[in-house]
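The block underneath contains the structure these notes are about, expressed in structure tokens.
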Amino acid sequence: MSHFSEWNNSADRQREHHQQQHHQSHMAAGVHYPQQQPYHPNSAPMSTAPMSGDMQVMSSSHQYSQQRGVVGGGAPQSAHYPPSNSPAHYNNGQQQPTAHPQASVPCGGADQHQRGGYANGGAVGGGGGMNGHRSSGREQYDDEQRRRRSRSSNGNRVGQTTGSSPAGRRGGGGGGGGLSNGDYPPNPDQQQANQFHYPAGGVANNVTPPSTDAASSGGNLAQSSTLDATQRRPAYLLHRDLVIGKGSYGQVCIASRGEAEGHHSNKSGKRKKFACKCVMLRNDPKYIAKLQEEVNVLRELRGHDNVIRLFDVFCVDNELFIITELGRGGDLFHLLTTHPKHGVTEAYAAKTVAEMLSAVSFLHSRHICHRDLKLENWVLESGKDVWSPLKLIDFGLSTHYTPGHRLSRVVGSSYYVAPEVLKKSYTEACDLWSLGVIVYMLLSGAPPFYGRNDEAIKASIVQGAYTFPHELFRDVSDDAMAFVSCLLSYSIEYRYTAEQALTHPWLKVNCDPDQLQHCKDGARGVSSISDGVGLDVNAMQM
Ligand SMILES: Nc1ncnc2c1ncn2[C@@H]1O[C@H](COP(=O)(O)OP(=O)(O)OP(=O)(O)O)[C@@H](O)[C@H]1O
């Protein structure tokens, strides 16, 4: 859900539309807020930094500010919350939950290490005990998400389509719209309608540039990452009706490897499925350059276990197709928002964060800044196991950077964007701030910074004050909060790098040692999955 507002007016309009859509999105499912907090005057926008109008924001939530206005009057700016601070320390007189089961679980059920269930158990965590059902804030947010998903029939990222489309199934039912019964991703073998066959071998020959200017770039996009025209490439069936996501610049559909070209299906006889991002090309050099960068980054990062794998890129009739590995488990936003509890277990959060840090450390070691880290941009590999590896997607705002040089373009998503980004002078450390927001949300189900609208959210972020409300963090360890604080450090001097964060005691205590070591290895670019294993020749040559 990235946005490229500076590209042109058309992109601006798309962004506005997208913001509206996403505004609805964050108002709905499962991300939760302290209950019926009175709006605290101190939480009113207090931005001292220029709040640039060109921020490429994701969303805003009126409910956030209404529910969580107390934040502004809470903890001090850029505070490091020491482990010694008990969660109660951050209780700002909030109502206590009426019930208080011990552990939240990643996907429902009593065992916090329980696996599976995401795909098979109906809605994620369906019926699982929540840490004290805290009604209004979270329910309002749930409503918001349901509205978002049901109304976002033309452009929202999740649940964009209606009816029986997969996206509609995912989002339309709100909490009940989980990836249940194995219907996500949809099975193309059972849905043959509206298929298009791309490409019928030798796609390089099929490239039809959109215009003179875009022609070279568009051609490069395809040719630079794939094969020369003499090599035959796999043909894909693109299932345009099987939409799994929509972003501001295109939609993502299921693609499957066609058998007509002699490529083998997998052992079960089913075609291998992929995600295919479809983007209409425009005669706009900036637009093309961004797509080029996205593809370059994807290609460069291939091989890391927690980065979505690029398989193919090609153009057909002014449309660019980016074929990647399919994250069958949906994204973390979906997971969290269909979870009836506010937050996941610490064990699950720690596993998740370790994988995120591994990927981000890997990115940074290659001098790539993602700039749009958020729950929505992490997908689970498996639809049957919530403990399956996470994969980072959407490199639309990613950029190569020169160490020591500051970036200035204001991009990102509201709630997650770092304060220094809003101040137009930042480094790759902005990704760690965003991860801090993600961890906070995973643990509590609520964002640390919020507001009535985007401006208020940005103001809250620039102010930098956040709390660990007892109501939401009563079951969260001090170590976990200390970890969050290391990432949500206002000063980037004190903010942990991804590598440093991987050594934090909270991860050591809560992660499986082997998995943590694997993440550390991945951070250094040592992956157990060697490039090419299980991949086709074409993918290996990219
Ligand atoms: N490989 C994938 N596996 C599963 N789902 C995916 C995959 N790629 C994308 N999606 C889904 O499609 C959505 C849109 O994809 P993506 O964010 O890459 O598109 P975009 O046009 O860049 O959107 P944005 O407006 O956020 O930039 C994602 O949020 C995700 O839900």
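Atoms within a ligand are numbered from 1 in the order they appear, just like the ligands themselves. Everything quoted here is computed from the prediction, not taken from an experiment.
- At a 4.0 Å heavy-atom cut-off, ligand 1 touches Ala275 through the side chain alone.
- Between Glu325 and ligand 1, an N or O atom pair is found at a separation short of 3.5 Å.
- Between the side chain of Arg257 and the backbone N or O of Lys272, no donor-acceptor pair lies under 3.5 Å.
- At a 3.5 angstrom cut-off on N or O pairs, Glu294 does not count as close to ligand 1.
- Checking only distances, Gly327 does come within under 3.5 Å of ligand 1, N or O to N or O.
- Considering backbone and side-chain atoms alike, Lys246 places every N or O at 3.5 Å or more from each N or O of ligand 1.
- Contact atoms of ligand 1 toward Lys277: 16 (P), 18 (O), 19 (O), 20 (P), 21 (O), 22 (O) (distance under 4.0 Å to a heavy atom of the residue).
- Between the side chain of Ser365 and the backbone N or O of Phe362 there is at least one donor-acceptor pair closer than 3.5 Å.
- By the 4.0 Å N-to-carboxylate-O rule, Glu319 lies close enough to Arg240 to be salt-bridged with it.
- By heavy-atom distance, the residue among Ile322, Leu397, Val252, Ile393 lying nearest atom 28 (C) of ligand 1 is Ile393.
- Within ligand 1, the atoms closer than 4.0 Å to a non-hydrogen atom of Ile308 are 1 (N), numbered from 1 in the order shown.
- Between the side chain of Asp331 and the backbone N or O of Val379, no donor-acceptor pair lies under 3.5 Å.
- Close approach of ligand 1 to Thr324 is summarised as follows: ligand atoms under 4.0 Å from at least one heavy atom of the residue are 1 (N).
- The distance from ligand 1 to the heavy atoms of Glu376 drops below 4.0 Å at these ligand atoms: 29 (O).
- With sequence neighbours excluded, no residue forms a ring pair (Phe, Tyr, Trp, His ring centres under 6.0 Å) with His400.
- Against a heavy-atom cut-off of under 4.0 Å, Asp331 is close to the following atoms of ligand 1: 31 (O).
- Between the side chain of Asp394 and the backbone N or O of Asn377, no donor-acceptor pair lies under 3.5 Å.
- Checking side-chain atoms of Asn306 against main-chain N and O of Met356 turns up no donor-acceptor pair under 3.5 Å.
- In this structure, the side chains of Lys273 and His239 stay at 4.5 Å or more apart for every pair of heavy atoms.
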